[in-house]
Each structure stands twice: as structure tokens, then as C-alpha cells.
Participant: 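Structure incoming, see below.
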Amino acid sequence: MPTATATLSVSFAPSKKPHLSFCPFGATSITLTNFTSPPIRRPMTTSAVSIEKETVISERPHTFLRQTDGEDNGSIRSRFQSMILEMQESVCGALEALDGAGKFKEDAWTRPGGGGGISRVLQDGAVFEKAGVNISVVYGVMPPEAYRAAKASAADQKPGPVPFFAAGISSVLHPKNPFAPTLHFNYRYFETDAPKDTPGAPRQWWFGGGTDLTPAYIFEEDVKHFHSVQKRACDKFDPSFYPQFKKWCDDYFFIKHRGKRRGLGGIFFDDLNDYDQEMLLSFATECADSVVPAYIPILEKRKDTPFNESQKAWQQLRSGRYVEFNLVYDRGTTFGLKTGGRIESILVSLPLTARWEYDHKPEEGSEEWKLLDACMNPKDWI
């Protein structure tokens, strides 16, 4: 199999550590070669980063787990893989039934370092402009900057490449109608092994994920319904979860350079490992199972609402803000790019159309203004 390459650049500044960056080309497995730091201000040469490309396969495998993990041993890895595969089937089935015209295109792929994934995209349907529902179960080695992207806390940063296992389902659903909200959900399980230079260090694991709503127009009954479903899922496990994860969602999906949140929130959690693994697996499963009942009833009410060109343009402006957050702040996107993830799968979250206008300001008191006010000032919907 041919090997692709990417450029590794290293910049130095006086009294500062070197800064590394690389640009992958649709690849998934990265090996960084050693280099010697040159004197400051002196030109340097570096070795290229060796990247092995993912392989698209004609049929999905029965499992993406390595044989050593086993698929029927009851491990968290095995059961989480089963959960995300089942969720992909159920969500895609519900979305196709609602759309009525569009069908999901499926690409299955594997990566040389181990594992693979299934990307499903419905594009230009009757209801959906673009809907992506992806799963991945992958093994690899993270460079330090990818580890920083994967971990919410800076308290535990590893100095060298870190072996990892990651499994997850990620989806973004962009309807055509500006009165039908965009939905994002992501549920994932992560493990890291000890770096080679720290033998005997314990394996780390954590769960992360969430579901959040991004409308262009506010229908309060829709937002209340959505948040009520999230709260019911959380309350089955701990009554403190919903208020904690609702605030986390409001804080995480904040577009700093705009001073506004991306949407109207939901729940979000990360680095969750201070509860029993079995409980957290059940919790992640419950949250995943809540996606369809939280979202489909809203779409059924709004997908055929009449709209005009001005309202469509506003939706596209909001889609532009969605793009800004995902490409600048989203840690999942950053992690995928820094570990050489499959580019088409990573960027499937972006809308088919988006718009940027210079210094756009909606009229105060308008429906568009009300949305921006809610994005600046999050509220308790239930």
C-alpha cells in the first residue's frame, strides 16, 4: 500500500519550547520521526511525517476490534462498539423514514494501525440538506498535541506519544427548512495506555459525549421538549447530571471570537471516569437512545413550515457560525485532524451551504435578534 506524507513544521522562539504542527492528507496513522533541534535563527531540515492512508472496503466487517480484544468477552470496548453500531442503524432508519426521499450513502474503512469505521451521509434529501452519522473504532498513537485535544483537563498531560483506543458515534443533522433546528450528538469511549517511556503507568479511560440543539429560530415548546428528554435520561442515573452537563454544554459550545454560544444547548460531558464503568456505559447508552425521541417530533412539526428567502439566508448565516465553531474550537475535530483521521468523516459535520455577511446585525426585537440574545444569555428551559 502506498504511503502518503505530510509536512512537519517546527518553529522556535527565544526562551520558548518548540511548536510543532503538521498537515495530514486524508490519513489515519501517524509516525513522527526524531529530529534534532537546531540553534535559534538557523535554518533546519526535518524528516517528513509518515502517514498510512485508510483503506475503503467494499463490505463492513463484523467487528473493528482487534482479535486480542475479543468481541464476545463482555469487555467495555466490545459492548460500546455494539452500542454505537446499533445506534447508527436506528438513527439512520428514523431519519430516512422522516425524509422520505433521501438515502444514506455508506463508506466502510479500515486503518493500518487497527480498527476502522463506517461513515453514512444523506445529502440533498427532501428534509435534510446534509445528515451525517459516523462510527469509528480505532487504535493508534497520539502525538502530545492530539492528547491535549482529546483531554478536557490540562492537569494530566503526557510528554510523548501515547497509545490509544477510541470508539464513538458522531452525527450532525442539517435540515433544509430554516424553522427546523440542526442537531449534533456524539458519544465516545477512550482508553490510553502508558507511553513507552513510563512503563508500569496505569491505563486511563473515560467517557464523553452529549446532544445539543442549534436552531435558527426559537420555538420555545420545541426547546423545552428537547431539554426535557435530556433531563429524563440524566435523572435516571443522578439528579445532579442534567444541571451539571447542561451548564457544561453552554460553556463548551461558546464561540469566543463572537461572544455567543453556537445554539441553545443540551448536555455535554467529557473525561467522565469518576463513576463505575458499568454505570457510565449504561448512562451513555441511555443518552444515545434519547436522540430520536428528542429530535424527530420537532422535525415532524417544522419540516414543512413555509419560509422565504430572507429566513433561508438567516439559516445560512447561522450555519456559518456552526462552521466557525467546529473548525476553530471543537476538540473532536481537532483530535481527528491531529491524529490523521479520515478527512471526509471529520468534515461531514459541516453544512452543505453557509453564508457570511459583513457586519450583519438583525433588527432589535426581531425573531433573529431573539435567537442571538438567547445565544448570549443561556436560560433554564425547564
Side-chain angles (χ1 to χ4, degrees), residues 1-8 21-33 47-69 71 77-78 80-82 84-85 87-89 92 104-123 130-147 149-150 161-172 186-193 208 326-327 330-350:
M1 180 165 48
T3 300
T5 61
T7 302
L8 172 69
S21 62
F22 60 87
C23 179
F25 295 97
T28 54
S29 181
I30 300 172
T31 304
L32 298 179
T33 55
S47 301
V49 181
S50 175
I51 297 182
E52 298 171 297
K53 295 183 69 176
E54 78 282 346
T55 301
V56 176
I57 53 180
S58 58
E59 293 184 13
R60 62 160 68 191
H62 180 62
T63 180
F64 289 106
L65 293 172
R66 288 174 175 166
Q67 195 169 17
T68 53
D69 281 337
E71 54 183 286
R77 291 184 178 190
S78 174
F80 195 87
Q81 176 187 240
S82 296
I84 60 177
L85 284 167
M87 185 185 183
Q88 187 183 46
E89 286 291 332
C92 289
F104 279 92
K105 174 188 175 182
E106 178 177 297
D107 289 328
W109 50 274
T110 59
R111 57 184 284 165
I118 300 168
S119 300
R120 285 184 173 179
V121 180
L122 187 161
Q123 193 164 285
K130 188 178 180 186
V133 187
N134 299 339
I135 68 104
S136 61
V137 179
V138 296
Y139 304 78
V141 178
M142 289 186 284
E145 59 267 34
Y147 185 79
V162 181
F164 75 92
F165 167 86
I169 182 166
S170 181
S171 175
V172 179
N186 174 289
Y187 292 97
R188 56 195 176 274
Y189 174 67
F190 229 101
E191 290 181 7
T192 60
D193 289 327
N326 279 29
L327 294 184
D330 185 65
R331 285 183 23 234
T333 302
T334 301
F335 173 79
L337 294 174
K338 288 184 179 295
T339 56
R342 185 171 185 264
I343 298 302
E344 290 299 321
S345 299
I346 296 168
L347 300 184
V348 76
S349 63
L350 303 184

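Counting from 1, the numbers follow the sequence of the chain as shown. Please read these numbers as outputs of a predicted model, since none were measured by experiment.
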Participant: What distance do Thr110 atom OG1 and Ile57 atom CD1 have between them, rounded to the nearest 0.5 Å?
Facilitator: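 Output value for this atom pair is 5.0 Å.
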
Participant: If you take all heavy atoms of Tyr139 and Gly115, which pair is closest and at what distance?
Facilitator: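 Looks like CD1-N, 3.8 Å.
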
Participant: Apply side-chain contact (heavy atoms from CB on, under 4.5 Å) to residues Val137 and Leu85 and explain how you reach the verdict.
Facilitator: CA-CA 10 Å; Val137 179; Leu85 284 167; over 6 Å; no

Participant: Treating Glu191 as the side-chain partner and Arg77 as the backbone partner, does any N or O pair qualify as donor plus acceptor under 3.5 Å?
Facilitator: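 Side chain of Glu191 to backbone of Arg77, a donor-acceptor pair under 3.5 Å: no, none is there.
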
Participant: Can you measure from OG1 (Thr333) to CG (Leu350) and round to the nearest 0.5 angstrom?
Facilitator: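 So the gap between those two atoms works out to 7.5 Å.
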
Participant: Could you state the interatomic distance from CG (Asn134) to OG (Ser349), rounded to the nearest 0.5 Å?
Facilitator: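 Here the interatomic distance stands at 9.0 Å.
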
Participant: Hey, does Val172 have a side-chain heavy atom less than 4.5 Å from the side chain of Val348?
Facilitator: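 Contact flag for Val348/Val172 side chains = no.
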
Participant: Residues in ring-ring contact (aromatic ring centres under 6.0 Å, His included) with Phe104, at least two apart?
Facilitator: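 Once residues adjacent in sequence are excluded, Phe104 has no partner under the ring-ring contact (aromatic ring centres under 6.0 Å, His included) criterion.
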
Participant: Over all heavy atoms of both residues, which pair between Arg342 and Ser119 is shortest? Give the atoms and the distance, please.
Facilitator: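 Nearest heavy atoms, Arg342 then Ser119: NH1-OG, 3.4 Å.
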
Participant: Atom CG in Leu122, atom NZ in Lys105: separation rounded to 0.5 Å?
Facilitator: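 Going from CG on Leu122 over to NZ on Lys105, the span is 12.5 Å.
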
Participant: Please determine whether side-chain contact (heavy atoms from CB on, under 4.5 Å) holds for the pair Ile84 and Tyr189, giving the CA-CA distance in whole Å, both sets of side-chain angles, and the decisive distance to 0.1 Å.
Facilitator: CA-CA 10 Å; Ile84 60 177; Tyr189 174 67; over 6 Å; no

Participant: Residues two or more places apart in sequence or in another chain: which of them pass side chain to side chain contact (heavy atoms under 4.5 Å, CB included) with Ser170?
Facilitator: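 Only Asn186 meet the side chain to side chain contact (heavy atoms under 4.5 Å, CB included) criterion with Ser170.
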
Participant: With no hydrogens and no angle check, is any side-chain donor or acceptor of Lys130 less than 3.5 Å from a backbone partner on Val121?
Facilitator: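 Checked: no pair found.
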
Participant: At what distance, to the nearest 0.5 angstrom, does CG of Leu327 lie from CG of Leu347?
Facilitator: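 Leu327 CG to Leu347 CG: 7.0 Å, rounded to 0.5 Å.
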
Participant: Which heavy-atom pair separates Ser171 from Gly132 by the least distance, and what is that distance?
Facilitator: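 Minimum heavy-atom contact is OG-O, 2.8 Å.
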
Participant: Test of understanding: with salt bridge (Lys or Arg N to Asp or Glu O under 4.0 Å), list the residues that count as partners of Glu89, not counting sequence neighbours.
Facilitator: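 By the salt bridge (Lys or Arg N to Asp or Glu O under 4.0 Å) rule, Glu89 matches Arg60, Arg120.
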
Participant: Are any side-chain N or O atoms of Thr63 and backbone N or O atoms of Leu65, one a donor and one an acceptor, separated by less than 3.5 Å?
Facilitator: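 Yes; at least one donor-acceptor contact below 3.5 Å.
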
Participant: Looking only at non-hydrogen atoms, find the nearest pair between Phe64 and Pro61 and report the distance.
Facilitator: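 So the minimum-distance heavy-atom pair works out to CE2-CG, 3.4 Å.
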
Participant: Check whether more than 12 heavy atoms from other residues, nucleotides or ligands sit under 6.0 Å from atom CD of Glu344, and answer yes or no.
Facilitator: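 At most 12 heavy atoms, drawn from other residues, nucleotides or ligands, come within 6.0 Å of this atom.
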
Participant: Checking Gln88 side chain against Val133 main chain: does a donor-acceptor pair fall under 3.5 Å?
Facilitator: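 Side chain of Gln88 to backbone of Val133: a pair is present.
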
Participant: As an exercise, state the distance from SG of Cys92 to CD of Glu106, rounded to the nearest 0.5 Å.
Facilitator: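 With rounding to 0.5 Å, SG (Cys92) is 8.5 Å from CD (Glu106).
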
Participant: Got Ile135 and Tyr187 here, is their nearest side-chain heavy-atom distance under 4.5 Å?
Facilitator: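 Result no, sub-4.5 Å side-chain heavy-atom pair not found.
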
